[in-house]
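Just so you know, these numbers come straight off a predicted model, no measurement behind them. Letters A, B, ... are given to chains in the order of the sequence lines, protein chains preceding strands, and every chain is numbered from 1.
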Amino acid sequence: MGSIPIDTTDGRTEILRRMLTIREFEETASDMFADGEIPGFVHLYIGEEAVGVGACSALEESDYITSTHRGHGHSIAKGLDPKLMMAELLGSVEGYNNGKGGSMHIADVDANMLGANGIVGAGPPMATGAALSASYRDADEVALGFLGDGAVAQGQVHEAINLAATWDLPAIYVVENNHFGEGTPVEDQHNVENLSETAEAYDIPGFTVDGMDVTAVYEAVAEARERALAGDGPTFIEAETYRYRGHFEGDPQAYRTDEDVSEWREERDPIDSFEERLLDRGDIDEDELQTMREEVVAEIEAAVDFARDAERPAPEDAYTDMFADPAPEIERFVGDLRADGRGGDSQ
Amino acid sequence: MTETETMTVREAIRAGLREEMERDEDVFIMGEDVAEYGGVLNVTEGLLEEFDERRVRDTPISEAGFTGAGVGAAATGTRPVVELMFSDFMGVAMEQISNQMAKMRYMFGGKTDMPITIRTTEGGGQGAASQHSGTPHTWIAHFPGLKAVAPGTPRAAKGLTKSAIRSDDPVFVFENKMIYEQDGPVPTDSEFTIPIGEANVEREGADVTVAATQRLVGESLEAAEELAGDVDLEVIDLRSLYPLDTDTITESVRKTGRLVVADESPLSYGTHAEVMARVVEDEFYSLDAPLQRVGVADTHIPFATELEDEVVPHTEDVVEAVRRVV
Ligand SMILES: Cc1ncc(C[n+]2csc(CCOP(=O)(O)OP(=O)(O)O)c2C)c(N)n1
């Protein structure tokens with residue numbers, strides 16, 4: 001059973017709350033990006049919430065994840081604080097990465113979230129390494145690497161899975177097949193029909209699940225986790241999903257039509273369908289749902305307020321955090337850094 | 001007096017690995033053929049028997065995969081020592097090296113350590129041709145977030161290997177494969193280390209400073225013997241490329257007024273240029289002659305012995321460079 005038990009009412013409502021939080025966080029981020037308040041690249045996860053939340057809820061807090069450039073959803077699903085995330089999106093020193101990471105690199109090693117990543121396919125080798133570390137330390141921990149359908153074409157992904165498979169490491173690879181790698185459809189990038197067929201090459205279990213159904217993802221990951229902890233090695237899971245927004249904010253999306261998007265959005269939305277299910281089972285009623293939505297909106301508003309008020313980095317912070325053991329080179333090139341490291345004049 | 005034992009560079013590195021594995025349960029070794037086979041250059045020979053397959057691990061031939069696994073393992077509570085068989089193969093692992101290993105601490109706002117050691121071999125002289133003879137340490141020394149050491153003596157090889165493993169930063173240990181058999185005194189104390197970032201004056205002299213690395217430390221000492229009575233060479237083993245011990249170099253140049261940099265890497269834009277730039281920045285007015293560099297003339301390392309001998313720098317190249325500045 002994961003950190004959020006899906007077989008209890010509280011667990012299911014918490015799962016819903018996390019999906020709603022991701023969507024609200026990202027809709028807000030989208031507006032703030034459009035207003036010029038968030039710099040850089042922003043890749044939104046809207047539409048894919050069931051994958052991140054389904055997968056992370058089936059993990060324990062002590063388990064590791066690696067993420068992708070589309071990492072807000074994974075971060076919230078892993079329990080990261082939207083306040084510190086939003087502060088990072090604005091480049092504040094109070095954000096998760098002290099303003100050195102931004103949207104594409106949010107990380108919290110204390111929460112075993114080993115980073116969103118700007119390099120497609122770079123996460124799975126590190127997930128393999130975290131799984132290696134867990135097994136080396138004899139800890140009951142697993143590592144889950146998220147990757148996109150496009151990333152499945154990257155060589156290092158296959159090296160990572162092969163390594164985990166030959167060493168029976170407690171790893172799980174979750175492919176979010178949202179049908180596009182940037183602007184190119186998945187079928188133009190891979191010759192197999194289901195990406196989960198990849199697993200065959202490594203003689204590990206491979207499944208394709210409905211990534212719009214949080215329960216299906218949860219169950220697949222929970223089972224993979226058990227297998228991993230039993231010493232039976234990694235599992236490869238493909239979750240079929242869809243992103244509603246462009247590849248990045250500002251993407252003109254000539255590669256698809258509004259109808260393509262609304263087909264998924266109207267028929268298969270992961271939040272609508274899970275809400276309906278919880279209403280049907282009586283886990284929640286309309287009033288409670290309304291209250292939950294309002295709470296989520298308030299939480300994200302508070303996150304935005306926090307981020308806007310948060311301290312800005314001092315210019316000399318650009319030169320810190322390079323090494324644990326000092327290298328005199330940085331001082332050589334920028335002069336002595338101020339003793340207290342921040343604030344005030346930088347000469 | 002610290003006790004020493006005569007060891008080869010290979011034995012010194014192995015002793016360093018063994019001592020750190022005994023000292024710290026979190027340290028393990030992985031790479032291609034490092035366990036059963038003992039490493040293609042036999043550095044890890046015998047360690048599998050002394051430890052076990054949990055601590056000395058043969059990987060599939062997948063440099064990106066296992067280097068990346070080293071990064072993940074280093075971020076989650078262990079201290080991997082990754083062997084990259086030949087440094088020419090760094091290219092296939094470069095994404096994990098340059099974007100993950102090097103940037104993780106910085107991009108995470110300082111909130112993670114990256115205690116990984118990469119051991120790899122460099123250098124021509126074995127007729128191994130271009131893809132197994134390169135000396136690309138400049139790539140790593142140039143890249144922010146990575147540390148690089150390149151020992152020239154058995155003592156330095158042991159001391160720096162141990163410091164690399166103990167460091168919470170990613171450290172590359174560049175081993176020149178032509179000096180694995182070179183021997184010398186090595187402290188046996190298991191607490192002996194050499195700080196990363198400290199050069200060593202191997203021979204004191206008054207006339208010309210030769211700042212050398214790896215195999216060229218020994219060859220420069222030979223050059224000093226050849227020139228003795230004529231020109232008095234001071235020979236420094238740089239040992240650490242990043243961080244670089246500017247003070248030891250400038251102090252020497254202040255005394256001699258002349259500098260030759262001898263390093264078996266391509267001459268353009270590299271290690272030589274960095275050492276010289278710092279001397280010119282800090283010690284320009286001490287210089288009595290133009291600076292000279294000894295290295296590889298921007299070619300790859302060819303196969304035929306005559307061609308390889310031509311390209312790879314040797315004692316006589318150091319002697320010639322010294323002759324040009326006195
Ligand atoms: C190594 C690398 N190549 C290219 C890119 C540019 N890029 C960023 S995201 C992306 C598409 C990735 O597709 P996919 O893995 O399916 O993830 P999705 O965006 O669909 O979530 C590309 C090509 C990159 N960041 N890294």
## Note on the structure
Checked B:Ala73, B:Gly70, B:Ala74, B:Gly77 vs chain A; the most non-hydrogen pairs under 4.5 Å come from B:Ala73
#### Entry: Heavy atoms of other groups near B:Glu22 CD, more than 12 under 6.0 Å
yes
### Summary
What one should report as the nearest heavy-atom pair of A:Pro125 and B:Ala64 is CB-O, 4.2 Å
### Query
Is it the backbone or the side chain of B:Asp58 that comes under 4.5 Å from a heavy atom of chain A, or both, or neither?
backbone
### Task
Return yes when atom CD of B:Gln131 has more than 12 non-hydrogen atoms of other residues, nucleotides or ligands closer than 6.0 Å, and no otherwise.
no
### Task
Would you indicate whether the side-chain heavy atoms of A:His105 and B:Lys103 approach each other to under 4.5 Å?
no
### Task
State whether the number of non-hydrogen atoms from other residues, nucleotides or ligands found under 6.0 Å of B:Glu251 atom CD is greater than 12.
no
### Query
Within 45° of the ring axis of B:Phe108 and under 6.0 Å from its six-membered ring centre, is that where the NZ or CZ of A:Lys100 lies?
no
### Task
Assess whether atom CZ of B:Phe284 is packed by more than 12 heavy atoms of other residues, nucleotides or ligands within 6.0 Å.
no
### Message
Under 4.5 Å from any heavy atom of chain B, what part of A:Asp108 do you find: side chain, backbone, both or neither?
### Response
neither
### Query
What part of B:Ile116 lies closer than 4.5 angstrom to a heavy atom of chain A: side chain, backbone, both or neither?
neither
### Task
Report yes or no: does A:Asn98 contribute a side-chain atom to a donor-acceptor pair with the main-chain N or O of B:Gly109 at less than 3.5 Å?
yes
### Query
Salt bridge between A:Arg332 and B:Asp282, side-chain N to carboxylate O under 4.0 Å?
yes
### Query
Do you see a donor-acceptor pair shorter than 3.5 Å between the side chains of B:Lys111 and A:Asn97?
no
#### Entry: Which atoms of B:Glu53 approach chain A - backbone, side chain, both or neither, heavy atom under 4.5 Å
neither
### Task
Go through B:Gly110, B:Ala75, B:Ser240 and name the one with the most non-hydrogen pairs under 4.5 angstrom from chain A.
B:Gly110
### Toward chain A, the part of B:Pro115 with a non-hydrogen atom under 4.5 Å
neither
### Query
Where on B:Ile61 is there a heavy atom nearer than 4.5 Å to chain A: the side chain, the backbone, both, or neither?
neither
### Message
Strictly distance-based, threshold 3.5 Å: is any side-chain N or O of B:Asp169 a donor or acceptor partner for the main-chain N or O of A:Asp325?
### Response
yes
### Message
Which one wins on heavy-atom pair count under 4.5 Å against chain A: B:Met30, B:Glu281, B:Gln100, B:Arg55?
### Response
B:Gln100
### Query
Should B:Arg278 and A:Glu329 count as an ion pair when the cut-off is N to O under 4.0 Å?
yes
### Query
What part of A:Tyr96 gets closer than 4.5 Å to chain B, counting heavy atoms only: side chain, backbone, both or neither?
backbone
### Task
Below 4.5 Å from any heavy atom of chain A, which atoms of B:Asn99 appear? Answer side chain, backbone, both or neither.
side chain
### Summary
Of the listed A:Thr128, A:Leu132, A:Ile106, the one with the largest count of heavy-atom pairs under 4.5 Å with chain B is A:Leu132
### B:His142 NE2: over 12 foreign heavy atoms closer than 6.0 Å
no
### Query
Which bit of B:Thr67 is near chain A, if near means a heavy-atom gap under 4.5 Å: side chain, backbone, both or neither?
neither
### Message
A quick test of your reading: do over 12 heavy atoms of other residues, nucleotides or ligands sit less than 6.0 Å from CZ of A:Phe248?
### Response
yes
### Engaged part of A:Pro326 at the chain B interface, taking heavy atoms whose separation is under 4.5 Å
backbone
### Message
Under 4.5 Å from any heavy atom of chain A, what part of B:Asp245 do you find: side chain, backbone, both or neither?
### Response
neither
### Query
Rounded to the nearest 0.5 Å, how far does CG of A:Asp110 lie from OG1 of B:Thr112?
9.5 Å
### Query
For A:Ala318, is it the side chain, the backbone, both or neither that has a heavy atom under 4.5 Å from a heavy atom of chain B?
both
#### Entry: Under 3.5 Å: donor-acceptor pair, side chain of A:Ser133, backbone of B:Thr76
yes
### Message
Checking an interface table here. Which of residues 145-167 of chain A come within a heavy-atom distance under 4.5 Å of chain B?
### Response
A:Gln156, A:Glu159, A:Ala160, A:Asn162, A:Leu163, A:Thr166, A:Trp167
### Task
Could you list which of residues 76-89 of chain A have a heavy atom closer than 4.5 Å to any heavy atom of chain B, in residue-number order?
none
### Task
Could you tell me whether a side-chain N or O of B:Arg54 sits under 3.5 Å from a main-chain N or O of A:Tyr136, the two making a donor and an acceptor?
yes
